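Encoded as structure tokens, the structure appears first; notes follow it.
The residues of the chain are indexed from 1 along the displayed sequence. Fair warning: this is a prediction, and the values are worked out from it, not measured in the lab. The figures that follow rest on heavy atoms only: side chains count, while hydrogens, waters and symmetry mates do not.
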Amino acid sequence: MSSVSLRSLEKLYPASGKNPPFHAVKGIDLEIHDGEFMVLVGPSGCGKSTTLRMIAGLEHISAGEIRIGDTVVNDLLPKDRGIAMVFQNYALYPHLTLFENMAFGLRLARTPKAEISRRVTEAARILGLEGILDRKPAALSGGQRQRVAVGRSIVRNPRVFLFDEPLSNLDAKMRVSMRSEISKLHARLKTTMIYVTHDQIEAMTMGDRICVMKDGRIMQVAAPLSLYHRPDNLYVAGFIGSPPMNLLRGRVERRDGTLLFIESAEADAVFIPLAGPLATLAASVEGRDVVFGIRPENISETPHPADSVRLTLPVELSEPMGSETNAYLKTGSGTLIARLHNEKRYAMGEPLAVHLNLGKAHLFDAATEQAIRP
């Protein structure tokens with residue numbers, strides 16, 4: 001096992017033909033602990049896969065340094081870095097059996113036959129592939145193929161596992177199953193794993209810590225629940241969570257002695273009286289443009305024990321989800337989504353009284369987009 005350290009890491013693709021230069025990764029710093037499961041998450045083009053490929057040695061580094069353990073690996077070939085990579089497309093040899101696919105790298109390294117057999121058998125046992133090692137990839141399901149790809153990495157005993165969106169080709173049910181399998185594998189092997197995905201649900205359920213990326217930069221690195229409850233900026237607040245955090249733009253003003261958040265809207269603006277710790281925080285930015293944030297599950301039809309404020313808004317859309325309903329409520333400039341614990345379907349235009357739990361609300365600076373902290 002090994003830690004991984006990225007220091008001032010950059011990737012600049014030079015101009016090519018009519019395409020201008022592209023700065024894919026912009027001087028990121030990241031420390032990944034020994035034995036940690038780190039998830040890099042973000043939308044397409046944010047630099048997460050490029051970062052992973054630089055760690056693997058599949059992309060040239062434009063600037064900066066990568067350390068695996070105590071070794072600077074900038075100039076080392078992929079085979080000399082002590083890493084194993086699992087790709088999105090499995091990359092299995094169709095003419096070889098599962099045993100032969102998993103043993104392929106070991107045979108190239110001239111590993112003794114008895115050791116190959118031992119390692120492949122052990123990996124197959126861990127992954128539940130023992131009875132099908134004589135089959136070829138065409139006879140397998142997508143989930144089984146992905147397990148073979150993982151097994152091919154396990155037999156190498158790498159210092160670091162790298163996963164590049166490995167579940168993207170699987171259906172929804174199989175993705176849930178494989179998420180669990182990979183998490184259990186990490187708990188068993190206790191090897192450093194770096195996992196790239198665009199799916200924030202995968203990130204939240206699998207990672208010890210999550211690195212959220214945007215436009216080649218790191219927006220925040222934290223444990224899943226810390227990201228969820230204390231986002232550093234508007235981007236993380238809006239990216240993490242399904243449905244995402246509600247974000248309303250407006251100002252903090254005092255009227256008749258009451259501190260209010262007033263939504264920016266030409267008509268039907270929402271006025272939210274502020275109370276408790278949020279009011280104390282808002283007093284420090286009185287008169288400034290801010291963004292008010294609250295997650296859908298913190299809006300309910302019943303009052304919260306403390307710091308609760310009541311609003312009545314028209315329903316734009318109702319999404320029954322079984323044991324709960326997502327109600328989309330019209331504000332002056334946008335929508336508030338409420339995740340309500342009932343099985344109702346609300347009529348479009350129906351006025352709905354809801355309570356906002358201000359103890360769970362957030363304020364962000366509208367100009368810098370950074371969270372306003374005490």
State plainly whether one hydrophobic cluster holds both L247 and I262, where clusters connect Ile, Leu, Val, Met, Phe, Trp and Tyr through side-chain heavy atoms under 4.5 angstrom apart.
no
Are F104 and L92 grouped together when hydrophobic residues (ILVMFWY) are joined by side-chain heavy atoms under 4.5 angstrom apart?
no
Pair N74, E65: side-chain N/O donor-acceptor within cut-off below 3.5 Å
no
Output yes when E286 and R254 qualify as a salt bridge under the 4.0 Å nitrogen-oxygen rule, no when they do not.
yes
Please test E31 against S5 for side chain to side chain donor-acceptor pair (under 3.5 Å), starting from the C-alpha separation and ending with a verdict.
CA-CA 5 Å; E31 299 293 329; S5 177; 2.7 Å; yes
Carefully, step by step, assess R288 and D365 under the rule salt bridge (Lys or Arg N to Asp or Glu O under 4.0 Å).
CA-CA 8 Å; R288 283 168 51 184; D365 187 286; 2.4 Å; yes
Do the charged groups of E253 and R255 touch, with an N to O distance under 4.0 Å?
yes
Between N246 and N298, does a side-chain contact (heavy atoms from CB on, under 4.5 Å) hold up when you go through it step by step?
CA-CA 10 Å; N246 294 295; N298 296 318; over 6 Å; no
V221 and L30: side-chain contact (heavy atoms from CB on, under 4.5 Å), yes or no, with the steps?
CA-CA 8 Å; V221 182; L30 182 63; 3.8 Å; yes
Please report the C-alpha distance between M38 and C211 in whole Å, then the side-chain angles of each, then the deciding distance to 0.1 Å, and finally whether the side-chain contact (heavy atoms from CB on, under 4.5 Å) criterion is met.
CA-CA 7 Å; M38 172 65 76; C211 173; 4.0 Å; yes
List the steps and the verdict of side chain to side chain donor-acceptor pair (under 3.5 Å) for Q200 and Y228.
CA-CA 11 Å; Q200 54 97 6; Y228 192 80; over 6 Å; no
Assess the side chains of E202 and Y195: does a donor N or O sit below 3.5 Å from an acceptor N or O?
yes
Under the side chain to side chain donor-acceptor pair (under 3.5 Å) criterion, do N357 and S308 qualify, and how do the steps go?
CA-CA 5 Å; N357 182 358; S308 182; over 6 Å; no
Check whether any side-chain heavy atom of L133 sits under 4.5 Å from a side-chain heavy atom of T97, and report yes or no.
no
F163 pairs by side-chain contact (heavy atoms from CB on, under 4.5 Å) with which of I194, I182, V196?
I182
In terms of hydrophobic clustering (I, L, V, M, F, W, Y; side-chain heavy atoms under 4.5 Å; direct or indirect links), are F261 and L234 co-clustered?
no
Under 4.0 Å between a side-chain nitrogen and a carboxylate oxygen: does that hold for R125 and E130?
no
Would K330 pass as a cation-pi partner of Y328, given that its NZ or CZ must be under 6.0 Å from the six-membered ring centre and within 45 degrees of the axis?
no
Could you list the residues that satisfy ring pair (Phe, Tyr, Trp, His ring centres under 6.0 Å) with F161, not counting sequence neighbours?
none
Plane angle bin for H362 and F364 - parallel if under 30°, tilted between 30 and 60°, otherwise perpendicular
parallel
Ionic contact status for R159 with D34, cut-off 4.0 Å:
no
Output the distance between atom CZ (F87) and atom CG (L52), rounded to the nearest 0.5 Å.
8.5 Å
Is the closest basic N to carboxylate O distance between E10 and K26 below 4.0 Å?
no
Hydrophobic cluster membership, with links at side-chain heavy-atom distances under 4.5 Å among I/L/V/M/F/W/Y: are L274 and V354 in one?
yes
Taking 4.0 angstrom as the limit, do R7 and D29 come out as a salt bridge?
no
Would E115 and R119 pass as an ion pair if we require N to O under 4.0 Å?
yes
So do L278 and D307 actually touch side chain to side chain, heavy atoms under 4.5 Å?
no
Would E301 and H355 count as having a side-chain donor-acceptor pair, cut-off 3.5 Å?
no
Any salt bridge between R249 and E263, counting N to O under 4.0 Å?
no
